[in-house]
Amino acid sequence: MNVALWIIAGVLAAVCLVGSSKMFVPQEKLAAMGSSAQWVLEFSPGALKAIGAVELLAAVGLILPAVLDIAPVLVPLAATGLVLLFACALTMRLRRGEKATIAGDLIYLALAAFVAWGRFGPEPFTG
């Protein structure tokens, strides 16, 4: 179970690192990436930078505290934060009627919930 949690946390961290590009890529360029990226037009550039910063912090929080053994309780907290982030993404996609692109967010939400449950419950780093 510990190995599965590490793998899933690594996958989520990679996804979040890619998503954190919102901090650096202009809004127009993000919107031009396809129809599933049109949601960025509903947010201000500052809000997109904030979302990207949250994703970057989540990526760091899923891996570094456990690797460095400094406050490893931050790992399940970061995963819980990702659950909230993906729940908001699901809400936004449903509101926009983007039911075809919702599967990815659902999968990431489930993976983040699994990491949060696993690290708070059966496989914590302390004990």
Side-chain angles (χ1 to χ4, degrees):
M1 173 101 128
N2 187 42
V3 173
L5 288 166
W6 270 109
I7 291 169
I8 293 169
V11 167
L12 285 171
V15 167
C16 288
L17 277 177
V18 170
S20 70
S21 67
K22 294 175 193 71
M23 293 190 316
F24 311 108
V25 178
Q27 184 179 25
E28 299 77 27
K29 199 168 192 179
L30 287 170
M33 290 184 177
S35 62
S36 65
Q38 294 300 306
W39 65 270
V40 299
L41 298 174
E42 292 188 17
F43 291 88
S44 69
L48 289 176
K49 288 183 188 321
I51 293 169
V54 167
E55 289 177 330
L56 180 63
L57 289 172
V60 170
L62 285 170
I63 303 297
L64 282 185
V67 168
L68 299 176
D69 197 27
I70 299 172
V73 72
L74 293 177
V75 173
L77 293 175
T80 302
L82 271 181
V83 168
L84 295 173
L85 180 74
F86 287 120
C88 290
L90 281 170
T91 303
M92 188 251 338
R93 291 207 189 270
L94 285 172
R95 185 178 52 81
R96 288 180 47 86
E98 297 177 355
K99 292 181 176 85
T101 58
I102 213 166
D105 291 330
L106 276 172
I107 291 168
Y108 296 141
L109 174 75
L111 292 175
F114 179 71
V115 171
W117 169 79
R119 291 304 182 198
F120 274 130
E123 288 286 337
F125 287 114
T126 58

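Small disclaimer: the values here were computed from a predicted structure and weren't measured.
- When side chains are defined from C-beta on, Pro65 counts as touching Val75, because their heavy atoms get closer than 4.5 Å.
- Within the 4.5 Å cutoff, side-chain heavy atoms of Tyr108 are placed close to those of Leu12.
- The line from CG of Leu84 to OG1 of Thr80 is 7.5 Å long, rounded to the nearest 0.5 Å.
- Of the possible donor and acceptor atoms, none in the side chain of Gln27 sits under 3.5 Å from a partner among the backbone N and O of Ser44.
- Taking Glu42 as the reference, Arg95, Arg96 meet the side-chain hydrogen bond (donor to acceptor under 3.5 Å, both in side chains) condition, with sequence neighbours excluded.
- Side-chain contact between Leu62 and Leu82 is present, with heavy atoms from C-beta onward closer than 4.5 Å.
- Applying the side chain to side chain contact (heavy atoms under 4.5 Å, CB included) rule to Leu106 yields the partners Leu90, Ile102; only residues at least two apart in sequence or on another chain are considered.
- Here side chain to side chain donor-acceptor pair (under 3.5 Å) pairs that include residues 1-18, with residues two or more places apart or in two chains, are Asn2-Arg119.
- Transitive grouping of hydrophobic side chains (ILVMFWY, heavy atoms separated by less than 4.5 Å) keeps Val40 and Met23 in distinct clusters.
- Cluster partners of Leu74 are Leu77, Phe120, counting Ile, Leu, Val, Met, Phe, Trp and Tyr whose side-chain heavy atoms approach within less than 4.5 Å, directly or via other members.
- Contact annotation: the side chain of Phe114 never approaches that of Leu109 to less than 4.5 Å [non-hydrogen atoms, C-beta and beyond].
- In this structure, Glu98 contributes its side chain and Leu94 its backbone to no donor-acceptor pair below 3.5 Å.
- A side chain to side chain donor-acceptor pair (under 3.5 Å) check over residues 48-73, counting only residues at least two apart or in different chains, returns the pairs Lys22-Glu55.
- To the nearest 0.5 angstrom, Leu111 atom CG is 11.5 Å from Ile7 atom CD1.
- With sequence neighbours left out, Thr101 forms a side-chain hydrogen bond (donor to acceptor under 3.5 Å, both in side chains) with Arg93.
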